[in-house]
Amino acid sequence: MKESFKSLTWKQTVLLVSSTLFFAVAIFLIEIFLLVTDTREELSLTQRELIDSFEQPAINAIWALDDLLAAQTIQGILKVKHVSSALLELEDGSRFVSVNNGAPAANPEFFIKISSELFGDLKEVSRSLYRPFYTDANGNKELIGTLTVFYDTQELTSALISSLRFSLWATLARAFLLTLVLSVVFHRFLTQPIAKISEAIDKIDPESPAKNLLPVTRSHSNDELGVVISKLNQILAQFDTTQNKLRKMATRDPLTGLPNRTLLLETITVTIQRAKLQECRFALLFIDLDRFKNVNDSLGHDIGDQFLVRVARNLEIAVGQSGTVARLGGDEFVVLADSIESPNHAAELVDKLLIQLNVPMQLNEHTVHPAASIGIAIYPDDGLRAEDLIRHADIAMYSAKAAGSNQWAFFKPQMTERAAVRLRTEASLHDALENSEFLLHFQPKLDLKSGEVVGCEALIRWQKDGRLISPASFIPVAEETGIIIPIGRWVIEQSCKTIQQWKVKYNLAMPIAINVSSQQFQDSSLVPDIKQAALRYQIAPELLEIEITETSLMNDIESAIIKLNQLKAAGFGIAVDDFGTGYSSLSYLRRLPINTMKIDRGFVSDLPQESAIASTILMLGKQLDLSIVAEGIENEQQLEWLQKRGCEIGQGFYFSKPLAIDTFEANYLAANPNARETIS
Ligand code: C2E
Ligand code: MG
Ligand code: MG
């Protein structure tokens with residue numbers, strides 16, 4: 001049961017009243033005791049004096065048998081205070097003279113009892129009277145009578161009580177006054193300040209404890225109460241600081257200081273409520289950096305962190321007052337653009353963001369070219385809840401990323417389906433190998449001078465439910481789950497088998513390039529796998545070229561060199577794929593035992609307008625005596641530019657898309673047994 005609240009003042013008054021009353025009663029009892037003792041002492045003294053002074057006249061009166069004198073004598077006794085009667089008896093016990101003051105007042109029983117308790121033993125006093133001037137031969141006196149004086153003890157008791165009555169009232173009045181004064185003093189000096197502290201404590205907001213600190217009154221600044229208050233204030237201030245720190249830690253990303261997911265969700269929820277009231281829209285941008293993994297893997301995590309911080313600042317600058325930037329983790333950022341009213345407006349902001357983001361960054365001695373993919377979701381069209389908006393912007397971002405670097409996309413409901421596919425991919429990849437759902441497509445590589453097909457690249461496809469799934473959508477998932485290792489083994493096996501079959505079927509030595517993913521490259525079974533497959537199908541090692549992305553090589557350069565040397569020593573060709581995206585340093589490139597460099601499609605697609613990077617790679621290739629393959633040639637202008645700059649080999653849709661094996665054979669092997677194709 002909950003105890004009801006009782007004020008401190010009330011408790012203190014009750015305590016004061018009861019303790020003063022207790023002491024008043026105790027003192028009063030002592031007073032009674034002392035008074036009774038005093039009275040009794042005084043009474044016995046007066047009794048002795050009285051008897052002493054009336055002894056001689058009484059002896060005289062009895063000796064002379066003078067009853068007149070006797071009467072006079074004891075009449076005199078009666079005048080003494082509290083004496084009720086007196087009696088003179090002869091030696092034989094017969095009464096000689098007696099007098100009394102009349103009947104005593106009728107008192108209640110208990111009063112009589114009290115008075116006999118207090119003074120019962122002093123009720124009467126008597127003295128034996130002896131014959132004057134006479135002693136017999138033995139020295140004995142002769143008894144002639146007795147004088148007895150009786151006291152009215154009840155009268156004595158009532159006199160005592162009436163004097164005590166006054167003392168009782170005085171004690172009570174004193175106690176009452178003392179209680180009153182002490183209550184007021186204690187209340188003003190102690191209880192009231194404590195009550196004020198309790199009120200102030202009541203007002204403390206646990207969310208911001210330092211906002212309402214407790215007041216220190218001047219009268220208590222130098223006592224225990226003052227110490228308690230200032231200590232409490234110190235604790236509150238400390239609590240406030242800790243709480244702020246915790247709040248910051250819980251809601252901020254420690255690396256960039258930007259709001260984290262928790263704070264972002266809160267902010268979006270508030271923005272949604274406001275937008276609902278004002279019936280307006282706002283945009284949510286999901287930003288994922290392109291090739292951030294490359295920066296991290298090739299330049300190290302410290303530079304990766306610096307890079308993220310710089311990106312965060314650039315985003316904040318670009319967004320300015322039009323929204324909030326948050327970091328979800330990794331290379332994912334979200335911009336809540338609450339002042340964006342229309343999709344056009346959002347697109348303008350995204351363009352502005354990309355321009356700001358794309359500014360090259362100097363990180364130590366490295367120049368990094370940041371790029372990002374952005375997905376846009378609009379409230380309320382693309383979701384009514386914070387989580388839905390983030391999810392949909394994320395899905396749109398994936399779609400933008402699939403379209404290439406520095407792209408953006410608005411969310412469309414059909415994209416959700418694609419995101420779900422990604423999840424399902426993971427689940428069904430496990431069975432794909434056993435169900436033989438993978439196949440290889442082949443894209444020809446041509447000598448740009450002669451137009452001859454000099455080889456091809458094997459590109460994996462996943463045939464699922466009658467559709468061909470691109471490696472871009474399942475290779476990352478396969479890498480995440482580790483299934484890439486058996487898949488990679490299958491590609492090696494299949495490619496070696498194909499080389500052998502073409503040899504048998506067309507008497508042609510057609511080199512095939514295979515892609516090896518970063519994880520697969522790190523796996524210790526890679527080199528033995530390749531060697532064993534080549535042996536099993538009895539193929540010349542130079543017909544199998546291994547394509548490794550620049551980023552995988554830079555992950556662990558020393559062990560990469562060892563592995564590549566083993567492959568090179570066995571005679572296999574080695575190509576660096578997607579060259580230009582991985583920030584390799586020149587000194588490392590020199591040490592890598594490679595034959596071929598493949599210019600990334602991204603730089604070829606910029607041709608001929610932006611040709612600086614392609615030119616540099618071509619020059620570098622010449623200097624290092626490497627053969628250069630240009631990837632993703634799509635048009636005549638690109639081809640011409642590359643031909644003019646002496647690029648030897650090319651690959652791209654301009655010549656052919658990757659083809660199913662039958663088509664590839666029909667187009668390039670069967671039709672022309674020498675596998676020669678001229679460029680028109
Ligand atoms: P990659 O090794 O750089 O392969 C070239 C990609 O560019 C291929 O995409 C190809 O179809 C595409 N491509 C070629 N010419 C053009 C062009 O002119 N224009 C455009 N827009 N694209 C062109 P694909 O087949 O989708 O493969 C994508 C990536 O998946 C490959 O990039 C490679 O990194 C990876 N990959 C493919 N097969 C395998 C494999 O068997 N194992 C591993 N680990 N990765 C693979
Ligand atoms: Mg490749
Ligand atoms: Mg490539």
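Since the structure is predicted, the reported quantities are computational estimates derived from the model, not experimental observations. Counting starts at 1 for both ligands and their atoms, following the listed order.
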Next item on the list: Applying side-chain contact (heavy atoms from CB on, under 4.5 Å), name anything that partners Glu348, two or more places apart in sequence or on another chain.
Entry: His345
Note to self: If the cut-off is 4.0 Å to any non-hydrogen atom of Ile633, which atoms of ligand 1 fall inside it?
What the structure shows: 18 (O)
Next item on the list: May I ask whether Gly488 places a heavy atom under 4.0 Å from ligand 1?
Entry: no
Next item on the list: Give the name of the N/O/S atom in Asp577 that lies closest to the Mg ion (ligand 2).
Entry: OD2
Next item on the list: May I ask you to list the atoms of ligand 1 that are less than 4.0 angstrom from any heavy atom of Glu634?
Entry: 17 (C), 18 (O), 19 (N), 20 (C), 21 (N)
Check: Are any of the N/O atoms in Leu440 less than 3.5 Å from those in ligand 1?
Finding: no
Check: Can you list the atoms of ligand 1 that are under 4.0 Å from a heavy atom of Pro658?
Finding: 11 (O)
Checklist line | Asp578 and ligand 1 - part of the residue with a heavy-atom distance under 4.0 Å | finding: side chain
Notebook entry, point to check: Are any of the heavy atoms in His441 under 4.0 Å away from ligand 1?
Noted result: no
Item checked: Heteroatom of Glu457 nearest to the Mg ion (ligand 2) (N, O or S, atom name) -> OE2
Check: Do you see a donor-acceptor pair shorter than 3.5 Å between the side chains of Tyr537 and Glu493?
Finding: yes
Check: When you look for heavy atoms under 4.0 Å from ligand 1, do you find them on the side chain of Arg601, its backbone, both, or neither?
Finding: side chain
Checklist line | Contact (N/O only, under 3.5 Å) between Leu459 and ligand 1 | finding: no
Next item on the list: Could you tell me the angle subtended at the Mg ion (ligand 2) by OE1 of Glu547 and OD1 of Asn515, rounded to 10°?
Entry: 90°
Note to self: Let's go through Lys445 and Glu648 carefully: what are the C-alpha distance in whole Å and the side-chain angles of both, what is the deciding distance for salt bridge (charged side-chain N to carboxylate O under 4.0 Å, His left out) to 0.1 Å, and is it a yes or a no?
What the structure shows: CA-CA 10 Å; Lys445 290 200 275 185; Glu648 294 162 5; over 6 Å; no
Check: Taking atom 14 (C) of ligand 1 as the point of reference, which of Glu457, Glu631, Gln443 owns the nearest heavy atom?
Finding: Gln443
Item checked: Donor on one side chain, acceptor on other, Lys598 and Gln651, under 3.5 Å -> yes
Next item on the list: Hey, can you tell me if Trp502 and Phe664 have their rings parallel, tilted or perpendicular (30° and 60° cut-offs)?
Entry: parallel
Checklist line | Derivation and outcome, salt bridge (charged side-chain N to carboxylate O under 4.0 Å, His left out), residues Arg601 and Glu631 | finding: CA-CA 5 Å; Arg601 177 152 58 89; Glu631 286 188 296; over 6 Å; no
